[in-house]
Amino acid sequence: MGNFWFIFLFNFILISVENSWAQDFFSPPFGSFVPEEFSIISHYPETAFISQRLLPFSIQGNGEVQISSVRVTRGESCRGFADPFHNRVLHLFCRRPDLMVAEVVFSTGLRENLIFIIGPLRVMESQAPIAIEGEGQ
Amino acid sequence: MRWRHVPLVGLMFVIFQNCGSFEADDRAGIYPYQVRPDFFYDVKLLRVEEDELMRQRYVFDIVASLAEDVGAEISYRVNFSTLIMSAVCQSTQGTVRGNAKHFRTQCLLPVPDDLYIQLQLFGPQGQELVEEFRFRAP
C-alpha cells in the first residue's frame, strides 16, 4: 500500500508542474536577474499589434537560448508559446483587443530560469501604420 | 504481488503524457507555419468599402519580418487578381524595415468577385516566399 501512495504522490507532483499554480510555485523569484547582453525584441512595430495576429518576439544575445515557457499573466483572450522551429522566438496572440502581459522563462548556456516580462502591450482592433508605402489602385 | 501496480503506473504515465500537450494546444489554430519559416508575415483584410458604382475596395493590413534577423531589410511585392483576371489592381512593392514593416495596401475591384492576393517576400540571403490568400466577396 505504501508503494501506491508513493506512485500517487510522485505522479501528482509531475502533473502539478504542468499546471499554472504549480508553475508559479516553481518559478524563480520575482526580479530574477537577466544579463544585460540579452534583450527581447518584437519582430513587428507596435502599430502592427492587432488582434487575430500572431506577434513574434526574439530573444537576442550571444550563446544558446532555449525558451522554457511563455505564460500570459494578463489578457484573458491572449495566448503565448515558443516557436516550434526557432529556439529564440516566441509568439503572442490575442483573439480580441486586449491589454496583455506575458512572462517568458528561458535558459542560456550558463544560466537557467531567466525571466523577461513583456508588456503591458495594447492589442487593438486595428492601428494605422506609421508609414503607408504605396497603395494599389 | 508487485506487478499488480503495473496498470496503475501505466495509467498515471498516460495521464502525465497528456499534460505535455498543453503548449501544442496553445498553438493549435493559431500557428500557421507547417515547416520552419524564413519569414513571419500576416495579411489581414481590414475592411471592404463599396462606392456609389458598387465597386468594392479591399483594404489590407500587412506585416512581415525575417525570422532569424529582426532588423533585416526585406523586399516585398503584393499582386492582386481574381480567378479569371490577373493584375486587377496595380501591384504594391517596396522594402520593410524598422517601423515600416507594417503597411497597408488596397485594391478597388471593378466588379464584385473573390480577390486573390499573392505576397512575395525576398530576404537578404536569397530567402524567398510566395504565399497566396483568397478573400471571398462579401
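So you know, we letter chains A, B, ... as the sequences are listed, proteins then strands, and number each from 1.
A:A128 and B:H102 make their closest contact through C-CE1, 4.3 Å (heavy atoms, listed as atom of the first residue, atom of the second, distance).
Residues B:V70 and A:F57 fail the side-chain proximity criterion, which asks for heavy atoms closer than 4.5 Å. Taking the side chain as every heavy atom from C-beta outward, B:D42 and A:L54 never approach each other to under 4.5 Å. Proximity of B:I30 to A:R95: side-chain heavy atoms (C-beta onward) are separated by under 4.5 Å at one or more points.
Heavy atoms closer than 4.5 Å to chain B are found in the side chain of A:R79, but not in its backbone. Both the backbone and the side chain of A:Q52 come within less than 4.5 Å of a heavy atom of chain B. Proximity to chain A is limited to the backbone of B:V35, based on heavy atoms less than 4.5 angstrom apart.
The main-chain N or O of B:P37 is found under 3.5 Å from a side-chain atom of A:H86 such that the two form a donor-acceptor pair. Side chain of B:K101 to backbone of A:P45: no donor-acceptor contact under 3.5 angstrom is found. A donor-acceptor pair under 3.5 Å links the side-chain atoms of A:Y44 to the main chain of B:Y41, judged by distance alone.
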Show the numbers, then the answer: is there a ring-ring contact (aromatic ring centres under 6.0 Å, His included) between A:H91 and B:Y31?
-> CA-CA 9 Å; A:H91 299 273; B:Y31 191 80; 5.4 Å; yes
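Between chain B and the residues A:S126, A:S42, A:P84, the most heavy-atom pairs under 4.5 angstrom are made by A:P84. Between chain A and the residues B:V78, B:D61, B:L66, the largest count of heavy-atom pairs under 4.5 Å involves B:D61.
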